[in-house]
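Notes for the one structure printed next.
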2 protein chains.
Amino acid sequence: MKEDLTQASIEPLLDYFNKLILLNKEEKQLVTERFQPRLYRRRQYVLQEGDICKHFNFVVRGCLRSYITDEKGNTHILQFAAENWWITDIGSFYKTKASKLNIDALEDTMVLQISYDNLTGLYDQAPKFNQIFRVLIENSHVALQNRLLQNISSSAEERYLSFIQAHPHLSNRLPQTQIAAFLGITPEFLSRVRNNQTKKP
Amino acid sequence: MKEDLTQASIEPLLDYFNKLILLNKEEKQLVTERFQPRLYRRRQYVLQEGDICKHFNFVVRGCLRSYITDEKGNTHILQFAAENWWITDIGSFYKTKASKLNIDALEDTMVLQISYDNLTGLYDQAPKFNQIFRVLIENSHVALQNRLLQNISSSAEERYLSFIQAHPHLSNRLPQTQIAAFLGITPEFLSRVRNNQTKKP
DNA sequence: ACTACATCAATACTATTTCTTGATGTAGTT
DNA sequence: AACTACATCAAGAAATAGTATTGATGTAGT
């Protein structure tokens, strides 16, 4: 399964913005100028704990994840970002402070990324992007809140079910180890949960 | 083969320096403060062509390589850096100019790295390090010169033999593709050279 | 005691990376 | 024209790494 990742198309990003708010030609041009394509290979870091997050990343192709590693060495996944998703450490990015998160690639991944300076420049040149990025951050916020609510109120099985409902494409694309780390259970237990599921209905 | 790369020990670096010139307690403390541990995963870039090389890197565990890619897309390896070796683009680092080299990780690799500012600070606080880094750069220079001489004067087979003599541990640790890229031949031809060798003696 | 999970270890599978080999080609000697 | 020292391409084999499954056993909270 070889795919050409070298050609980064800006189209998916323009489409994404266009669905939120219609862009004119100049605005599309600005986006094209200020976003940079970049390839991250599987297992490669996009951001490492302790570093300052320098980019807002839009995934064109592939899949990234953000996570923390606890004292015991267990990793806890905050977010997956596959095609047409955003991922960054917003706190670190806007406040220019050290991040507590790691972001890395689960697959070879092409992103379109924008630096802080380029983003503030974009805001100045086309204030409309303030609104776009506000909406975008709102969306992330809502997703995060749902996830937290899920997490504190449901069993592993329920969380698994709502995960496959919310991300049907991811559930059979990502390794179960990753899904387990997202759900907060062991891969072994996830294996058993899945096994039960297939027997039930 | 699981290894703990999360714990970066400063010991190998202190040992390394100590073998060149004895350090006192304060100097060891300075080293500890000014060098940062950092993990690079296999295939991850430490430095990319066009970027400015920001660090002097000492490999604690793992292996890095520096290389260029030519117009045809072939990679030519300048240097491998395994345990207790240094790797950086000295020109880019000291002159703060864009590098022509790439440096990346062949294995998951823990380095201790020092930034330009921290290094000049170290020179100021403990002038002894001027001498240490001079020696260190001399060593690199000699290695480079030998490599060049080898390269312009020997056949692939001879270069291979002197490589395994100079780096016996690397010759069966690195993939042959990498060694071939270092020797300047194709992996296929290296395979045949090796085959001939085993038949001969 | 029962539920909902964890931990450890062994085994089986799958995918990816690396190595080898054969066939064929070429540029520069002899 | 033949020979040497390499390259290129393609296919398959071998080695390694990553992933999934299962059984046995453990534990904290109801």
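Chain letters run A, B, ... following the sequence lines, proteins first and then strands; every chain starts at 1. Nothing here was measured: the structure is a model prediction, and the numbers come from that model. Below, all heavy atoms of this structure are taken into account, side chains as well, without hydrogens, waters or symmetry copies.
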Separation of [N] [atom2] from [X] [atom1] (nearest whole Å):
X: B:Glu107; N: D:dA17; atom1: CD; atom2: P; answer: 10 Å
X: B:Phe189; N: D:dC6; atom1: CZ; atom2: P; answer: 5 Å
X: A:Glu188; N: C:dA9; atom1: CD; atom2: C1'; answer: 10 Å
X: B:Asp108; N: D:dA17; atom1: CG; atom2: P; answer: 11 Å

- [ ] Please state whether the rings of A:Phe58 and A:Tyr16 are parallel, tilted or perpendicular, taking 30° and 60° as the class boundaries.
- [x]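 Judged by the thresholds at 30° and 60°, the geometry between A:Phe58 and A:Tyr16 is perpendicular.
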TODO: Return the orientation label for the B:Phe133 and B:Phe35 ring planes: parallel under 30°, perpendicular over 60°, tilted otherwise.
DONE: parallel
- [ ] Determine which bases of DNA chain D form Watson-Crick or G-U wobble pairs with both distances under 3.5 Å, and write the result as a 5' to 3' dot-bracket string with | for other-strand partners.
- [x] ||||||||||||||||||||||||||||||
TODO: In plain terms, say whether A:Glu188 and A:Arg192 are close enough for a salt bridge, that is, a side-chain N and a carboxylate O under 4.0 Å apart.
DONE: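 Salt bridge: no.
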Open item on the list: Salt bridge or not between B:Glu49 and B:Lys100? Use side-chain N to carboxylate O under 4.0 Å.
Closed with: no
TODO: Record whether the side chain of B:Arg192 comes under 3.5 Å of the base of C:dG22 through a donor-acceptor pair of N or O atoms.
DONE: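 Result: at least one qualifying N/O pair found.
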- [ ] Answer yes or no on whether A:Arg65 is positioned over the face of A:Phe182, meaning its NZ or CZ is under 6.0 Å from the six-membered ring centre and within 45° of the axis.
- [x] no
- [ ] Please say whether the positively charged group of B:Arg41, taken as NZ for Lys or CZ for Arg, lies over the ring of A:Tyr45, i.e. under 6.0 angstrom from the six-membered ring centre and within 45 degrees of the axis.
- [x]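 Satisfied, under 6.0 Å and within 45°.
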- [ ] Find which nucleotide of DNA chain D each of A:Arg43 and A:Pro187 is nearest to by heavy atoms, and output the residue with the more 5' nucleotide.
- [x] A:Arg43
TODO: Give one of base, sugar-phosphate or nothing for A:Thr186, where a contact means two heavy atoms less than 4.0 Å apart.
DONE: base
